[in-house]
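What follows is one structure encoded as structure tokens, with my remarks underneath.
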Amino acid sequence: MNVDEFYMERCLDLAYLGFGNTAPNPMVGCVIVNEKDTIIGEGYHQKNGQNHAEVNAINSVKNKNDLSASTLYVSLEPCSHTGKTPPCVDLIIMHKIPKVVIGCNDTFSEVNGRGIKALKKAGIIVKVGILEKECLKINKRFFTFHNKKRPYIILKWAQTKDLYIDKIRNEKSKGINWITSTKTQKITHKWRAEEDAILVGKNTIILDNPSLTTRAFSGKNPVRYVIDPNLEINQSHKIFKDDFPISIFNFKKNSRQGKIKLIKINQGTEIEDICDYLHKCKIQSIIIEGGRFTINQFINKNLWDEARVLTGNNYFVNGLEAPKLNIKPTLSTELGEDQLTIYSKK
């Protein structure tokens with residue numbers, strides 16, 4: 001690892017501290033190094049609407065005169081437009097920082113090379129592409145949202161050792177057929193807190209009666225969405241009993257009553273319509289938690305980015321077969337008595 005990579009890795013470590021709090025902005029870390037290769041300032045984007053990483057790093061430098069003989073490392077191209085905060089490039093130029101090292105370009109239309117161009121125009125030496133792959137990966141949600149015009153889609157399901165996602169059931173056999181351990185269930189609630197939204201199909205609501213909240217983990221609740229084409233779910237279920245909003249995709253109508261919002265989509269293009277709607281609502285990431293039919297719809301449309309498959313230490317012998325992915329897993333690890341397998345599309 002060379003010097004630039006060393007400091008960029010520190011930028012990435014800082015950036016990750018903002019995970020779950022920066023959307024719709026990206027996670028960004030910044031380090032400022034003097035001529036003696038000593039870090040004199042660092043910062044990260046902590047929360048949407050607050051100072052960007054470069055601002056926090058510059059503010060942390062005790063002697064601002066040191067900035068004129070320093071190098072600024074930042075994991076993402078500095079912004080050149082005015083949003084909720086002023087342009088970072090203006091601050092860098094104002095303090096006469098002579099060199100800026102950038103992890104990767106920002107493909108957001110309001111930036112997209114303009115920050116780099118502004119820095120070069122001001123006579124600043126700019127180096128781009130240090131640990132680029134890692135810098136792109138940490139903001140995979142942000143880049144998917146802007147480049148593909150849809151949220152970053154995570155599929156999640158639990159399956160038994162004999163590859164069943166559920167037992168064969170009807171409305172008389174309601175209640176969750178738990179596959180994984182209580183400890184693993186807490187981890188899945190943490191996952192919910194890390195994404196903007198969660199989506200399930202109507203059968204999951206009718207049969208499992210979930211809350212779709214983070215009640216087992218101290219974190220924000222995701223925005224809740226349900227696919228109920230013919231509006232068959234009655235309001236006796238848990239999702240209607242709390243104070244959190246619920247949006248229902250359906251084939252019949254658009255309407256709003258209290259916390260319940262009905263969103264009309266078209267049969268045949270329902271998955272594409274859902275992705276378009278979520279993009280318009282600035283939902284950068286969503287976790288699809290079931291059931292089998294809903295997950296398979298996203299798989300069949302090739303509209304997914306990551307899958308998290310939990311395999312419990314039990315068998316159903318008969319039941320509903322779990323979804324299948326025709327790619328090799330990128331990670332497999334033990335979670336207590338359960339197994340987590342992650343699939344990621346390139």
Side-chain angles (χ1 to χ4, degrees), residues 3-5 7-19 21-34 39-61 64 66-149 282 284:
V3 172
D4 286 346
E5 291 173 343
Y7 290 122
M8 190 58 66
E9 190 170 80
R10 176 58 183 166
C11 288
L12 289 168
D13 290 340
L14 289 167
Y16 199 77
L17 295 175
F19 185 56
N21 296 311
T22 64
N25 291 346
M27 294 177 283
V28 184
C30 181
V31 172
I32 301 173
V33 180
N34 66 14
I39 294 177
I40 59 173
E42 60 182 27
Y44 67 98
H45 184 38
Q46 299 177 16
K47 191 175 182 180
N48 175 37
Q50 296 183 2
N51 288 340
H52 288 187
E54 301 93 322
V55 177
N56 287 330
I58 289 171
N59 287 345
S60 75
V61 176
K64 298 298 187 286
D66 292 341
L67 290 168
S68 62
S70 67
T71 299
L72 182 145
Y73 291 85
V74 63
S75 56
L76 184 68
E77 177 183 358
C79 65
S80 56
H81 68 289
T82 300
K84 291 184 178 180
T85 59
C88 291
V89 292
D90 291 354
L91 189 66
I92 294 169
I93 293 168
M94 183 184 76
H95 284 286
K96 299 180 180 179
I97 297 173
K99 183 177 180 181
V100 175
V101 179
I102 298 168
C104 65
N105 286 65
D106 185 346
T107 56
F108 175 44
S109 60
E110 294 293 332
V111 185
N112 200 15
R114 294 174 188 172
I116 293 169
K117 185 177 179 180
L119 293 172
K120 288 182 176 179
K121 186 176 180 181
I124 295 171
I125 298 171
V126 180
K127 191 173 182 179
V128 185
I130 306 302
L131 297 185
E132 183 177 31
K133 183 178 178 181
E134 292 83 351
C135 291
L136 289 168
K137 184 177 180 180
I138 196 174
N139 281 310
K140 56 190 177 183
R141 294 162 179 81
F142 176 82
F143 288 118
T144 296
F145 178 82
H146 288 291
N147 296 341
K148 296 186 178 180
K149 307 302 179 186
K282 301 189 185 305
Q284 283 198 0

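Between atom CD1 of residue Ile32 and atom CD1 of residue Ile39 there is a gap of 10.5 Å, rounded to the nearest 0.5 Å. Separating the CD1 atom in Ile138 from the CG atom in Leu131 is a distance of 11.0 Å, to the nearest 0.5 Å. From Cys11, atom SG reaches atom CD of Glu42 across 8.5 Å, with rounding to the nearest 0.5 Å. Rounding to the nearest 0.5 Å gives a distance of 13.5 Å between NZ of Lys140 and CD of Gln284. Note that the CD1 atom of Ile116 and the CZ atom of Arg114 stand 12.5 Å from one another [nearest 0.5 Å].
Side chains of Ile40 and Val33 form no contact here, defined as non-hydrogen atoms less than 4.5 Å apart. Within the 4.5 Å cutoff, the side chain of Thr22 has no heavy atoms near those of the Gln50 side chain. Annotation: side chain of Cys88 is in contact with side chain of Val55 (closest heavy-atom distance under 4.5 Å). Leu12 is listed as a side-chain neighbour of Cys135, based on a closest heavy-atom distance under 4.5 Å. Taking the side chain as every heavy atom from C-beta outward, Ile102 and Leu76 never approach each other to under 4.5 Å. Counting only heavy atoms from C-beta outward, the side chains of Asp90 and Met94 never approach each other to under 4.5 Å.
Each of Leu17, Asn56, Asn21, Leu14 was scored for a side chain to side chain contact (heavy atoms under 4.5 Å, CB included) with Gln46, with one residue passing: Asn56. Under the side chain to side chain contact (heavy atoms under 4.5 Å, CB included) test applied with Lys127, the options Thr71, Val100, Asp4 reduce to a single match, Asp4.
What you find for Ser80 and Pro87 is that their closest heavy atoms are C-CB, 3.8 Å. Looking at every heavy atom in both residues, Glu54 comes nearest to Cys30 through CA-SG, 3.9 Å. The nearest pair of heavy atoms linking Met8 to Val101 is CE-O, 3.7 Å. Looking at every heavy atom in both residues, Ala23 comes nearest to Asn48 through O-CB, 3.5 Å. Listed here is the closest heavy atom pair of Leu72 and Ile97: CD1-CD1, 3.8 Å. Heavy-atom minimum distance, Lys64 versus His95: CD-CE1, 4.3 Å.
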Report the C-alpha distance between Met27 and Tyr44 in whole Å, list the side-chain angles of each, state the deciding distance to 0.1 Å, and finish with yes or no for side chain to side chain contact (heavy atoms under 4.5 Å, CB included). CA-CA 8 Å; Met27 294 177 283; Tyr44 67 98; over 6 Å; no

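Judged by distance alone, the side chain of Ser75 and the main-chain N or O of Gly103 form no donor-acceptor pair under 3.5 Å. Distance alone, capped at 3.5 Å, places no donor-acceptor pair between the Lys96 side chain and the Ile93 backbone. Under a 3.5 Å cut-off, the side chain of Thr144 and the backbone N or O of Arg141 do not form any donor-acceptor pair. Between the Glu77 side chain and the Gly113 main chain, a donor and an acceptor come within less than 3.5 Å of each other.
Defined by atom type and a distance below 3.5 Å, a donor-acceptor pair is missing between the side-chain atoms of His45 and Asn51. Under 3.5 Å, the side chains of Asn34 and Ser70 contain no donor-acceptor pair of N or O atoms.
Ring-centre distance between Phe145 and Phe142: not below the 6.0 Å cut-off.
Between Tyr7 and Tyr73, the two ring planes are tilted [angle within 30° to 60°].
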